[in-house]
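Working notes, structure below.
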There are 2 protein chains.
Amino acid sequence: MSDAVSLVPAAKGAGGRPRSQQIDDALVAATLEILDEEGYPGVSLEAVAKRAGTTRPAIYRRWSGRTALVLAAVAARLDIPSPPDTGCTLCDIDESFNIFLGSYRTISPEVLSALYADCAPDPELRAQYLATIIEPARTAVGHTLDRAVDRGDLRETIDRDLLLDFVGSLIHYRAMFSPEHLGDAEAEHAIEMLLQGAAGDYPALVAHSEALEHEALSGTATRHHHHHKAQQ
Amino acid sequence: MSDAVSLVPAAKGAGGRPRSQQIDDALVAATLEILDEEGYPGVSLEAVAKRAGTTRPAIYRRWSGRTALVLAAVAARLDIPSPPDTGCTLCDIDESFNIFLGSYRTISPEVLSALYADCAPDPELRAQYLATIIEPARTAVGHTLDRAVDRGDLRETIDRDLLLDFVGSLIHYRAMFSPEHLGDAEAEHAIEMLLQGAAGDYPALVAHSEALEHEALSGTATRHHHHHKAQQ
DNA sequence: CAACATACGATACGAACCGTAATGTAATGA
DNA sequence: TCATTACATTACGGTTCGTATCGTATGTTG
């Protein structure tokens, strides 16, 4: 569980009866229970309120609606990951896969996809989803990658954010669309491909492509929509 | 537009008044219009029926509900991509990115994420979503990758499906969570990283990791959760 | 201690959908 | 012709939503 800070939007003025923290907690807990037992579609505000021993208006006093409530509940369960730092780049990246996997292990991809779908149309909720669920893992793994670059283990010219996207997106994709999460053996394969590269001889591929491009420029029909920057 | 085959589940018996193809088409068209104008949340069956000039029961005669309707409508708009085959591996993979992008350009990631969220809990709809929206692009790009392997442009030991996942997942991820789709320049970066690899010296990283592992095995405290297969 | 402001439980209301059922009429095939 | 199914129309019961209205409880401020 992360810090209890701001799971609930702050109350309005200072005066008056303060909100019950117990109700805050009970609502979040009830939401998580229902998510686990019945999934996202089972979360009706009536059901949440009933299980929490309170009523619907109490929810609306705290959140703008179902989506915001679920987002807060999910955030309450997620850990803030800390970046691996073993000094061994391969091991660190291996651990990084687990960091990305963390969200999907504790929440269930079905819930996350439904939650995101509801968040996406609203800029504020969408930003909150990204900040809560996507960013922490990226930040942690990002630090790890930075250290690997500092050590000189990764190419200097590397696009760090892109590498981050590759790792994060693969795990997200597999969580959503595959029957099973990425296993250890597959993770190792993935790391190998990312670090070693898929090409047998990359410079040769570039050379070939450029040769075709010149050929195309000199008047013939073959089309090449894709352009190469000069190799450094 | 793909083939009109089986956009609508087949009618029951042979006898009786046949379904109106015009109504089929009008419903699909109305659904797509509403998706474009108001997004997924705007698609109520009442609204679709009204715009199509018919009524709700006519929808239920054809589909099991809103999710199946939208899935059919989306499928109607998607092209079945054909695999690039220019003989230039770099160019083909570049085109492959565009194939994956195709779905997200014609449908809007918000709609797709909401649709998937609704499909996911139902095994049949989920399978249909995968077969309709995910698989065609994968199949097309898969053929392209196979040819690249045949040409010897990719490592022989490569995991073709994993490479497919890397490309597909990156584009999916960016479509969902980034403000903008992957651009040409970024795609080129991505291809470069995938083919060339991110490591400066991959064998050295493996060697280092293995050295640490031996050290750990010989009794000291350092933990290594990750195991290496023998290098071939 | 008094006044005020807000949360709380309980309840109710209108609106929007949903999924289905019941009509009578239209269109096809046997 | 007769059986069968689609069609438009209308209606029903059910669920959930978001909000409103109470009287009561629990704090803070003067």
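By convention in this document, chain letters (A, B, ...) are assigned in the order of the sequence lines, proteins followed by strands, and residues within each chain are numbered from 1.
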Can you check the B/Q22 CD to D/dC7 C1' distance for me, whole Å?
13 Å

Over how many whole Å does the gap from B/I59 atom CD1 to D/dA6 atom P extend?
15 Å

Starting from P on D/dG18, measure out to CH2 on A/W63 and report it in whole angstrom.
14 Å

Can you check the B/K50 NZ to D/dA8 P distance for me, whole Å?
15 Å

Does D/dA6 have OP1 or OP2 under 4.0 Å away from a side-chain N or O of B/S20?
no

Integer-rounded Å distance: D/dT16 P and A/E38 CD
10 Å

Quick one: A/Y60 OH to C/dC13 P, roughly how many Å, whole number?
18 Å

Comparing nearest nucleotides in DNA chain D, the 5'-proximal residue of the pair B/I23, B/G16 is B/G16

State the CG-CH2 distance between A/L45 and A/W63, to the nearest 0.5 angstrom.
10.5 Å

Applied to residues 99-111 of chain A, the side chain to side chain donor-acceptor pair (under 3.5 Å) test, sequence neighbours excluded, yields A/N98-A/R105

Take B/R61 and B/R66, find for each the nucleotide of DNA chain C with the closest heavy atom, and name the residue whose nucleotide sits nearer the 5' end.
B/R66

Report yes or no: is there a donor-acceptor pair, N or O only, under 3.5 Å between the side chain of B/R17 and the base of D/dA6?
yes

Just compare D/dG18, C/dT20, C/dG9 and give me whichever is closest to any side-chain atom of A/L45.
D/dG18

Sugar-phosphate, base or nothing in reach of B/T55, heavy atoms under 4.0 Å
base

By the side chain to side chain donor-acceptor pair (under 3.5 Å) test, which pairs, at least two apart or in different chains, include something from residues 139-150 of chain A?
A/D85-A/R147, A/E135-A/T139, A/D146-A/R160

For B/E46 and C/dT20, what is the distance between atoms CD and C1' respectively, to the nearest whole Å?
14 Å

Close side-chain approach of A/D159 and B/E186, heavy atoms under 4.5 Å:
no

Rounded to the Å, how far apart are A/D118 CG and D/dC17 P?
11 Å

Side chain of A/R56: nearest nucleotide among C/dA12, D/dA8, C/dC8?
C/dA12

When you get a sec, tell me which of D/dG27, D/dT9, C/dC18 is the closest nucleotide to the side chain of B/P57?
D/dT9

Aromatic centroids of A/Y173 and B/Y173 separated by under 6.0 Å
no

